[in-house]
Amino acid sequence: MQQQDIDIVIVGGGGAGLRAAIAAAESARKENSQQRIMLLSKVYPMRSHTVSAEGGAAAVTSDEDTLQAHFDDTVAGGDWLAEQGVVDYFIRHAHRELVQMERWGCPWSRKPDGSVQVRRFGGMKTARTWFAADKTGFHMLHTLFQTSLKYPEIERLDEYFVLDIAVVDGAVAGVIALKIATGELTLLRAKSVILATGGAGRLFRFNTNAGIVTGDGMAMAFRHGVALRDMEFVQYHPTGLPGSGVLITEACRGEGGILVNKDGYRYLQDYGLGPETPLGEPQNKYMELGPRDKLSQAFWQEQQAGRTGKFGDSDVVYLDLRHLGKDYLHERLPFICELANVFINIDPVKEPIPIRPAVHYTMGGIETDANCETCIKGLYAAGECASVGLHGANRLGSNSLSELLVFGRLAGEQASQRAATVAFADSPALEEQAQAQKTRLAQLYDAQGEENWVELKRELVLSMETGCGIYREAEGMQDTLETIRNLQARYRNIRLQDKSQAYNTELMQCLELGHGLGIAEATCLGALERKESRGAHKRLEENFQQRDDVNYLKHSQVFFNAEGPAQLHWQDVDTHLSAPAERAYGDAGKGIKQ
Amino acid sequence: MNKGTSLNNDTSENMKRSDEPIWWGLFSAGGVCFAVFVPAAILFIALLIPAGIIAPEALSFDRARSMLFSLPGLIFIGVVICLPLFHAAHRIRHGLHDLKLGKEHLNKRVTYGGAALLSALALVGFAVGIL
Amino acid sequence: MAKQTSYFPELKRNWWLKHPYFKKYMAREATVLPLVFFLVCLLVGLFSLLQGAESWQGWLRFMQNPLVIAVNALAFIASLFHAWTFFQLFPRVMPLRVGGRALPPNLMVLGQWFGVVVVMILAAWIFMRGL
Amino acid sequence: MTKKLSIQRYLPEQGNAPYWQDFDVPFDDSTSILDALNYVKEELDGSLTYRWSCRMAICGSCGVMINNTPKLGCNSFLREYEGPVKIAPLAHFPVEKDLIVDMEPFLDHLAAVQPYLIDDSRLIDDNEEGTQTYKQTPAQMEKYKQFAGCINCGLCYSACPQFGLNPEFLGPAALTLAHRYNLDSRDQGKKQRMAQMSREEGVWSCTFVGFCSAVCPKNVDPAAAVNQGKVESAKDMLIGIFKG
Ligand SMILES: Cc1cc2nc3c(=O)[nH]c(=O)nc-3n(C[C@H](O)[C@H](O)[C@H](O)COP(=O)(O)OP(=O)(O)OC[C@H]3O[C@@H](n4cnc5c(N)ncnc54)[C@H](O)[C@@H]3O)c2cc1C
Ligand code: SF4
Ligand code: F3S
Ligand code: FES
């Protein structure tokens, strides 16, 4: 097995990973210390899922806006389950990071005078979302990737699949990775490791996520004893394309798009988001600009009431953009027009776009402290894989791209500082853990079982959708939990068709499925035990339809248990800056301090 | 690993400036001439007049001499003969490369050399004519 | 760069026969072949003009040869095809801006064709003048 | 409805030369080539290997040759094709396995042109309040915006015979990226990039075949960028001559 000594290993080449790498490099330069920084990613960095983000990144920008307002929106949006100290740090640093991106060449959309333009976004009081047309994530990711090329100290191992982290005496000691091109294993001994492996949306059948968003990093940390926190909060985006799940950005609504049911009625006014705002005059926090959880839930209600239309075999409602006119649409939402045309053969200029909710974002993740460090010393997590505590029970659109930057940077700096002070672990335990991975792979290759990953995966995603969907109840979740545990057992009996070493994508999908099974269990367990409705988590049972601050103003923490089912604990929430209040939108939200 | 390939070492050999701008400049100028002036030239000199469709006397010996051996004639030689020659040489050279024929530096000499030689001949002819 | 196990077929000489787009490209490049023929005709004409009326008449007769007319007709078509391709390239190579706004490419293409027509009329005037 | 897919297979570990294998795939109006490949992998032959990720034409992973034309699998649809569909790995790159090619040459070429903003501003410090963005008007942005839309899919390299003939050619996407930064009003690095662009293997290997732009899934028009680069390189040379 090849081995290298690397001061800082970063797993993941998405927005968070790249930002961390640059921060680490800068930090090392500042301290005049020679540090090797290695970025590993299972796909080339610019293929990472950040590339798909469309809408924008939030930061307080205009003079009328205030930090307090961004703070309040985020905390209320998260139904008071956000760590308020973390939110405070976030809102203070977001603007700086976006300016930094601009300084690195990111082509933010501009006002005629050359300053940066902002747009409205759901759940935000005022327009504070920076955007680069409707390809914000694309431009951010490419800007970060290209900027990273400027730093010779950032080395990369592209198309390396990280199998596991190595932990010695409660501190991270390295990572073990598989070179996809050849199937060889590499052990990277490290002083700091940053996980930036993204979310786990692929656990669900119908989702907006890329194929690689399988929660690998979460599973690795989980197995080493780090808690997965708040996993029950899974964001459904209200506007995915039927069939593929491809996302139609919230910016469509920010620009004035409206949602109607099959009768052409703007149904959102029936769900506490009214009164109806005039066509072409979107108003923050009203109607279409309510938060995602509320909108997705309203869809579900309409569906139950039989007021949704059909597209193919999907139930759909309609996103109508026609009143915005061709020129405006082509200028502001060119990618959306392209996607609708290509994937469902609909021209948004002429027809409303059929849409339905799709799983979009994992609010929960690897628990870290406010400095992005996990309970394993030297192991950091940032980006969608992490639960630093920013989003609480529901993420506001455009907060996560800013999160990648703010916390990616923080993680990078912290990792670099740590690497400057500690030594490489020198222990046979490290070798052993690497060998264990080798054995595990060999066993997978040799396994003569009769299970096939395709079957297992299909059952998993279907079951997650059924049991942990927009609305949940105990029975369904119990079923799902049993299915998952059953699948975990069957997974041990899996068999590969493809036995080759080089580019064995079947092997990788098996490994990803293995990761998914662990995370699914944590998600389902958290959902089952949270006997209240909060943010993205909605229970159908009579007693659980309200938020219950007495019992559940708490983070869920799920711990891995090698011997049996995972364990759930509750953790207090930091609410020292803003006491829980009612979360209301539309006219109902008027006057409520948010 | 993605660093340290030959492309990133800017040794002077590696980063040598190509002399192509000269040839490309001539090619482009010639291309404009080929597109704008040559069609008319072919149409009248090689098609309509020889075929007797219009004005067969237009190219009588005296008329031809006075037209060609004059300042406009010199311009004609430049834009209808010399520059298009370099245009053609450039495309032939790249065409040979496309067809994987010959050797790059040799092709270059033959094609541009040929264009230069023929242009020189045209100018010499013009000089003789005007004197 | 290619690893031992990789398979890397070399591009064959006839690559351009594999896709209609490449055939069109080769046709564009090949427009210079009949052009060269025409240019050589002109050069020969120039020297026969120097050698006196007799040989000039000989050249005119040569130009009347149906085969020569046929090749020159081809050259004419080639020059127009070249013009058509070349004019489309121009706005992309040199996008012009007027008052901060990009000039629409179609307008530029049209402008160039206008040039061709003007040159044709000019040529007609030159050749037919006083006849 | 089903359609016949002919896929070029290459499994070096089994010592085989490349060969063609046919699969019948069910399809409807919304079945993309990528969906079809996924169907083959999941239902018919688990060893089939190819890259994909976003399945929405933005990550640039899934380029393949479809009937001899480079395309993104995820935004090409079976409905568009009459008769059997031939799928092969991207041309002009070394083939590693089935539809996977070696992208390293492509990445090296990208990195070679210094594709990042070169300016003299410092990194924004933590305790620096109120640092401002550059001003850039929409008109200034318009100049390079189209060229900033490249998703690094590499289709243009498979379309470009000049890259096929000479793998050292920096190629359309890399040169486009260089041009994108050169045109950016915030950038001061043109001089440094010019050295790469002015090489024989820079802009000058391009003969304006133009197929690169025809296949580009994002309408980046790399051919225009490369050829504008020629003008720049030529200007650069002239200036050099005048300066002695
Ligand atoms: C369609 C869509 C639109 C969105 N729009 C917005 C928006 O407008 N605004 C907003 O704020 N947010 C948006 N989001 C959310 C946001 O884009 C994501 O949360 C964010 O991009 C995640 O970035 P990341 O860096 O954490 O992870 P990713 O970009 O997903 O990167 C993960 C990286 O980890 C690597 N990796 C994973 N596992 C392994 C492994 N085992 N070994 C090696 N490498 C591994 C991957 O290769 C990849 O490089 C959107 C999300 C989606 C799905
Ligand atoms: S220029 Fe177009 S074809 Fe080429 S890599 Fe970029 S997006 Fe792909
Ligand atoms: S196809 Fe190749 S030759 Fe030039 S115009 Fe495009 S780079
Ligand atoms: S899968 Fe991302 S571009 Fe096709």
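The sequence lines fix the lettering, A, B, ..., with proteins before strands; numbering per chain opens at 1. Here the structure is a predicted model, which is why all the values come from computation and not from measurement.
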**Q** Checking heavy atoms, do the side chain of D:N152, its backbone, both or neither come under 4.5 Å from chain A?
**A**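 For D:N152, backbone and side chain are both near chain A.
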**Q** Is A:Q117 in contact with chain D via its backbone, its side chain, both, or neither, using a 4.5 Å heavy-atom distance?
**A**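 It is neither, since no heavy atom gets under 4.5 Å.
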**Q** Output all residues satisfying salt bridge (Lys or Arg N to Asp or Glu O under 4.0 Å) with D:D98, sequence neighbours left out; order by chain, then residue number.
**A**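 Testing D:D98 for salt bridge (Lys or Arg N to Asp or Glu O under 4.0 Å), a comparison that skips the adjacent residues, returns D:R9.
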**Q** Would you say that A:M46 contacts D:L107 through its side chain, given a criterion of any heavy-atom pair below 4.5 Å between the two side chains?
**A**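 With C-beta onward as the side chain, the pair touches.
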**Q** Find out whether D:T133 and A:W130 are in side-chain contact, i.e. whether some heavy atom of one side chain is under 4.5 Å from a heavy atom of the other.
**A**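 SC-SC contact between D:T133 and A:W130 confirmed.
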**Q** Check whether any side-chain heavy atom of D:Y144 lies under 4.5 Å from a side-chain heavy atom of A:P107, and answer yes or no.
**A**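 Contact flag for D:Y144/A:P107 side chains = yes.
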**Q** Checking D:R55 side chain against A:G211 main chain: does a donor-acceptor pair fall under 3.5 Å?
**A**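 Not confirmed, D:R55 side chain does not pair with A:G211 backbone.
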**Q** Is chain A contacted by the side chain of D:I100, its backbone, both, or neither, given a heavy-atom distance below 4.5 Å?
**A**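 Side chain of D:I100 only, per the 4.5 Å heavy-atom cut-off to chain A.
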**Q** For D:K218 and A:E338, run side-chain contact (heavy atoms from CB on, under 4.5 Å): C-alpha distance rounded to whole Å, both residues' side-chain angles, the deciding distance at 0.1 Å, then the answer.
**A** CA-CA 10 Å; D:K218 294 283 138 184; A:E338 181 188 322; 3.0 Å; yes
**Q** A:F343 versus chain D, heavy atoms under 4.5 Å apart: side chain, backbone, both or neither?
**A**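 Answer is both: backbone and side chain atoms of A:F343 are under 4.5 Å from chain D.
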**Q** Please flag which part of D:I118 lies under 4.5 Å from any non-hydrogen atom of chain A: side chain, backbone, both or neither.
**A**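 The answer is neither part of D:I118.
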**Q** With sequence neighbours excluded, tell me which residues meet side chain to side chain contact (heavy atoms under 4.5 Å, CB included) with D:K143.
**A**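 Checked D:K143 against side chain to side chain contact (heavy atoms under 4.5 Å, CB included); matches are C:R97.
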**Q** Give a yes or no answer on whether the side chain of A:R103 reaches the backbone of D:L117 with a donor-acceptor pair at less than 3.5 Å.
**A**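 Checking the backbone N and O of D:L117 against the side chain of A:R103, no donor-acceptor pair under 3.5 Å is found.
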**Q** Select one option (side chain, backbone, both, neither) describing which atoms of A:E455 are under 4.5 Å from chain D's heavy atoms.
**A**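 Looking at A:E455, nothing touches chain D.
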**Q** Write down the atom of A:F138, the atom of D:I151, and the distance for their closest heavy-atom approach.
**A**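 So the minimum-distance heavy-atom pair works out to CE1-CG2, 3.5 Å.
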**Q** Tell me, for A:C106 versus chain D, whether the close heavy atoms (under 4.5 Å) come from the side chain, the backbone, both or neither.
**A**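 Only the backbone of A:C106 comes within 4.5 Å of chain D.
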**Q** What closest approach, in Å, do A:P112 and D:T137 show between heavy atoms, and which atom pair accounts for it?
**A**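 Where A:P112 meets D:T137 most closely, the heavy atoms are O-CG2, 3.8 Å.
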**Q** Taking the side chain as every heavy atom from C-beta outward, state whether A:W104 and D:R186 have any atom pair closer than 4.5 Å.
**A**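 Of all side-chain heavy-atom pairs linking D:R186 with A:W104, none is under 4.5 Å.
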**Q** So, A:S500 and D:K97: side-chain donor and acceptor under 3.5 Å apart, yes or no?
**A**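 The answer is yes; a qualifying pair exists.
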**Q** Is there a side-chain contact between A:Q146 and D:Q114 in this structure, where contact means two heavy atoms from C-beta onward sitting under 4.5 Å apart?
**A**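 The answer is no, as the side chains (C-beta and beyond) never meet within the 4.5 Å cut-off.
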**Q** Got a donor-acceptor contact below 3.5 angstrom from the A:R47 side chain to the D:S53 backbone?
**A**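 Between the backbone of D:S53 and the side chain of A:R47 there is no qualifying donor-acceptor contact (under 3.5 Å).
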**Q** Heavy-atom cut-off 4.5 Å, strictly under: side chain, backbone, both or neither for A:N345 against chain D?
**A**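 Neither part.
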**Q** Could you look at A:V342 and say if it's the side chain, the backbone, both or neither that has a heavy atom under 4.5 Å from chain D?
**A**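 For A:V342, backbone and side chain are both near chain D.
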**Q** Any non-hydrogen side-chain atom of A:V43 less than 4.5 Å from a side-chain atom of D:S61?
**A**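 Contact flag for A:V43/D:S61 side chains = no.
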**Q** Side chain, backbone, both or neither: which part of D:M141 has a non-hydrogen atom closer than 4.5 Å to chain A?
**A**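 Side chain of D:M141 only, per the 4.5 Å heavy-atom cut-off to chain A.
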**Q** What's the spacing between D:L110 CG and A:L149 CG if we round to 0.5 Å?
**A**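 Answer rounded to 0.5 Å: 8.0 Å.
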**Q** Quick check on the interface: out of D:L11, D:D28, D:L177, who has the most heavy-atom pairs with chain A under 4.5 Å?
**A**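 Max contact count across the listed options: D:L177.
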**Q** Which heavy atom of D:D184 sits nearest to which heavy atom of A:G105, and what is that distance?
**A**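 Heavy atoms only, the tightest pair is OD2-O, 4.4 Å.
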**Q** Heavy-atom distances under 4.5 Å only: say whether A:E54 touches chain D with side chain, backbone, both or neither.
**A**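 Contact with chain D: side chain only.
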**Q** What I'd like to find out is whether the side chain of D:C54 reaches to under 4.5 Å of the side chain of A:H49, using heavy atoms alone.
**A**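 No - every pair of side-chain heavy atoms lies 4.5 Å or more apart.
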**Q** Pick one of side chain, backbone, both or neither for A:H142, based on which atoms fall under 4.5 Å of a heavy atom in chain D.
**A**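 When you check distances to chain D, only side chain atoms of A:H142 fall under 4.5 Å.
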**Q** Could you walk me through whether D:E13 and A:Y503 pass the side-chain contact (heavy atoms from CB on, under 4.5 Å) test, one step at a time?
**A** CA-CA 11 Å; D:E13 282 171 63; A:Y503 291 103; over 6 Å; no
**Q** Please identify, among A:D113, A:T50, A:L496, the residue contributing the most non-hydrogen atom pairs under 4.5 Å to chain D.
**A**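 Max contact count across the listed options: A:D113.
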**Q** Establish, from distance only, whether the side-chain atoms of D:E104 and A:Y44 form a donor-acceptor pair under 3.5 Å.
**A**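 Per modelled atom types, D:E104 and A:Y44 side chains form a pair under 3.5 Å.
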**Q** What verdict does the side-chain contact (heavy atoms from CB on, under 4.5 Å) test give for A:L339 and D:M56, after you've listed the backbone C-alpha separation in whole Å, the side-chain angles of each residue and the deciding distance to 0.1 Å?
**A** CA-CA 8 Å; A:L339 289 174; D:M56 54 191 279; 4.1 Å; yes
**Q** So, using salt bridge (Lys or Arg N to Asp or Glu O under 4.0 Å) as the criterion, who are the partners of A:R110 when residues are at least two apart?
**A**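 By the salt bridge (Lys or Arg N to Asp or Glu O under 4.0 Å) rule, A:R110 matches A:E102.
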**Q** By the definition side-chain contact (heavy atoms from CB on, under 4.5 Å), identify the one residue from A:V51, A:I212, A:L141 that meets it with D:C59.
**A**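 That would be A:V51; it is the only one of A:V51, A:I212, A:L141 passing the side-chain contact (heavy atoms from CB on, under 4.5 Å) with D:C59.
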**Q** Quick one: which residues of residues 33-45 of chain D reach chain A at under 4.5 angstrom, heavy atoms only?
**A**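 Residues of residues 33-45 of chain D touching chain A at under 4.5 Å: D:K41, D:E42, D:E43, D:D45.
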**Q** Is chain A contacted by the side chain of D:Y181, its backbone, both, or neither, given a heavy-atom distance below 4.5 Å?
**A**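 Side chain only.
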**Q** Are any non-hydrogen side-chain atoms of A:W108 and D:Q136 less than 4.5 angstrom apart?
**A**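 SC-SC contact between A:W108 and D:Q136 ruled out.
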**Q** So A:E506 and D:S47, side-chain contact (heavy atoms from CB on, under 4.5 Å) or not? Walk me through it.
**A** CA-CA 7 Å; A:E506 194 194 7; D:S47 70; over 6 Å; no
**Q** Would you say CG of A:D313 has more than 12 non-hydrogen atoms from neighbouring residues, nucleotides or ligands within 6.0 angstrom?
**A**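 Result for CG/A:D313: open.
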**Q** So how far is it from D:Y116 OH to A:T143 OG1, rounded to the nearest 0.5 Å?
**A**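 It comes to 14.5 Å.
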**Q** Please state whether the side chain, the backbone, both or neither of A:E26 comes within less than 4.5 Å of a heavy atom of chain D.
**A**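 Interface part for A:E26: side chain.
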**Q** Heavy-atom distances under 4.5 Å only: say whether A:K457 touches chain D with side chain, backbone, both or neither.
**A**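 Only the side chain of A:K457 comes within 4.5 Å of chain D.
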**Q** Do you know the tightest heavy-atom contact between A:A133 and D:K145?
**A**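 Closest approach of A:A133 to D:K145, heavy atoms only: CB-NZ, 4.1 Å.
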**Q** Would you give the length of the straight line joining atom OG1 of A:T505 to atom CG of D:L99, rounded to the nearest 0.5 angstrom?
**A**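 Here the interatomic distance stands at 10.0 Å.
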**Q** Between A:T208 and chain D, which part of the residue has a heavy atom less than 4.5 Å away: side chain, backbone, both or neither?
**A**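 Just its backbone gets close to chain D.
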**Q** How about D:E142: does its CD atom have over 12 heavy atoms from other parts shown lying under 6.0 Å from it?
**A**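 No, the 6.0 Å shell around CD holds no more than 12 heavy atoms from other groups.
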**Q** So what's closer than 4.5 Å to chain D heavy atoms on A:R202: side chain, backbone, both or neither?
**A**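 Side chain of A:R202 only, per the 4.5 Å heavy-atom cut-off to chain D.
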